[in-house]
Amino acid sequence: MNTQERELEGRVALVTGGSRGIGLAVSRALAEAGARVAVVGRDGAAAEAAAAGLAGEGHAGFACDVADGARVKEVVTEVEERLGPVGVLVNNAGITRDNILLRLDDDAWDTVLAVNLKGAFNTTRAVARSMMKQRDGAIVNVTSVVGLMGNPGQANYAASKAGLVGFTKSVARELASRNVRCNAVAPGFIRTDMTAELNDAQVADLQGRIPLGRLGDPEDVAGLIRFLVGPAARYITGQVIAVDGGMAM
Ligand code: NAI
């Protein structure tokens, strides 16, 4: 694909957790592709600052906890009033609250499921009607290779990410007749705040398990998401694509 092309010109893209890490790289990539981007995040000031830094015009930032379904509805209405109907949704917001199973408390379980899984449900439900009416829409859920492979110390996170895989495939089947596509990307280890706590020994160990021999960058994930929401992927739906340097094959 020619990435100089502005293949998302005229479209509105909503990116959750879009003000830093992978989400910020996605916001940038979609703005470069010509979309007007609604950057949604828990911290409204950070979301507005991120939106102000994107290429082109017409972007905006919104404060929203994706786990709060009522707030998500309000924000989607606001986005539609200010930017127009949402044609692209990237469910990227996610958190970890790691612990070994025997120490994993109810709060760590419930909070991770509420943000990572129910958050994607809240936003997808809020934009689905308008996408179906437009007979055009593209949704990408950011899952994780951990949702496919499991990981000790991350039973809550892995369950939320595996849940997103079933959610993705169900939404893909349900909305396909209205030309609304839904796919998932499964990053491996990507250099962001989420992986910043890894020490040198852990990074060296990981690199040994990654065929391409390095951790990924947020842009590696953003490039795949840009492709998946664009016209070159118009016949792709219900897929889970790993972007992990070959780790999970
Ligand atoms: P990050 O911690 O840098 O960014 C997460 C973003 O989500 C932040 O902007 C944060 O404010 C936002 N967020 C968190 N809870 C929220 C809530 N309740 N409502 C709205 N926004 C919320 O993390 P990173 O690494 O950029 O992760 C992005 C996504 O990629 C997450 O879903 C994560 O699970 C996934 N992922 C990351 C990997 C990595 O190695 N960094 C690997 C696999 C998946």
Side-chain angles (χ1 to χ4, degrees), residues 14-29 37-51 53 61-76 79 89-98 108 110-123 126 140-151 154 156-165 167-168 184-198 202-203 206-207 209-210 214-222 224-225 240-245 247-248:
L14 191 159
V15 181
T16 69
S19 56
R20 70 171 201 225
I22 293 171
L24 177 58
V26 171
S27 298
R28 286 183 177 142
V37 181
V39 179
V40 168
R42 268 177 314 192
D43 176 347
E48 280 170 28
F62 299 85
C64 178
D65 176 348
V66 294
D68 178 348
R71 177 68 189 140
V72 167
K73 265 195 191 164
E74 274 174 22
V75 165
V76 167
V79 170
L89 169 66
V90 181
N91 284 313
N92 163 80
I95 56 167
T96 52
R97 287 275 298 274
D98 298 352
D110 292 341
T111 308
V112 167
L113 270 287
V115 174
N116 297 6
L117 186 54
K118 189 155 187 211
F121 162 63
N122 286 337
T123 51
V140 172
N141 296 318
V142 180
T143 174
S144 166
V145 289
V146 163
L148 309 175
M149 302 165 72
N151 201 22
Q154 289 199 308
N156 54 349
Y157 181 77
S160 72
K161 294 300 189 180
L164 273 180
V165 172
F167 179 68
T168 299
V185 301
F189 286 91
I190 309 296
R191 285 192 188 279
T192 67
D193 289 354
M194 196 175 264
T195 49
E197 298 137 31
L198 296 170
Q202 287 170 314
V203 170
L206 273 174
Q207 282 173 344
R209 288 162 43 202
I210 301 171
R214 65 169 177 90
L215 271 65
D217 296 317
E219 292 70 25
D220 295 328
V221 182
L224 173 62
I225 293 178
V240 183
I241 303 179
V243 49
D244 66 348
M247 193 174 72

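Counting starts at 1 for both ligands and their atoms, in listed order.
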Starting from [atom], which protein heavy atom do you reach first, and at what distance in Å?
atom	answer
atom 18 (N) of ligand 1	D65 OD1, 2.9 Å
atom 12 (C) of ligand 1	G17 CA, 3.6 Å
atom 22 (C) of ligand 1	A93 CB, 3.6 Å
atom 20 (C) of ligand 1	C64 O, 3.2 Å
atom 43 (C) of ligand 1	P187 O, 3.4 Å
atom 30 (O) of ligand 1	V142 CG1, 3.4 Å
atom 41 (N) of ligand 1	T192 OG1, 3.1 Å

I'd like to know if [X] contacts ligand 1, where contact means a heavy-atom distance under 4.0 Å to any ligand atom.
X	answer
G188	yes
T16	no
V40	no

List every atom of ligand 1 that sits less than 4.0 Å from any heavy atom of [X], numbering the atoms from 1 in the order shown and giving each element.
X	answer
F189	40 (O)
T195	39 (C), 40 (O), 41 (N)
G94	5 (C), 7 (O), 14 (C), 31 (C), 32 (O)
Y157	33 (C), 34 (O), 35 (C), 36 (N), 43 (C), 44 (C)

Are the side chain of [X] and the backbone N or O of [Y] linked by a donor-acceptor pair below 3.5 Å?
X	Y	answer
T195	F189	no
D65	A67	yes
R20	T192	no
T143	V165	no

Distance, nearest 0.5 Å, that separates CG of L14 from CG of N91: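 Result: 8.5 Å between the selected atoms.
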Interatomic distance, M149 atom CE to S144 atom OG [nearest 0.5 angstrom]: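 Spacing of CE (M149) from OG (S144) equals 9.5 Å.
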Side-chain contact, heavy-atom cut-off 4.5 Å: [X] with [Y]?
X	Y	answer
N151	K161	no
I95	V112	yes
L113	K118	no
V142	P187	yes
V39	V15	no
N156	R97	yes

Any N or O of S144 closer than 3.5 Å to N or O of ligand 1: no
Backbone or side-chain N or O of M194 under 3.5 Å from ligand 1 N or O: no
Criterion side chain to side chain contact (heavy atoms under 4.5 Å, CB included) on E74 and D68, from CA distance to verdict: CA-CA 10 Å; E74 274 174 22; D68 178 348; over 6 Å; no
Counting only heavy atoms closer than 4.0 Å, does ligand 1 sit against the backbone of [X], its side chain, both, or neither?
X	value
N116	neither
I95	side chain
R191	neither
I190	both
V66	both

Salt-bridge present (R214, D220; N to O < 4.0 Å): yes
If you take the nearest heavy atom of each of [options], which one is closest to [atom]?
atom	options	value
atom 29 (C) of ligand 1	I22, D68, N92	N92
atom 14 (C) of ligand 1	K161, R20, R42	R42
atom 44 (C) of ligand 1	L198, T143, V75, L215	T143

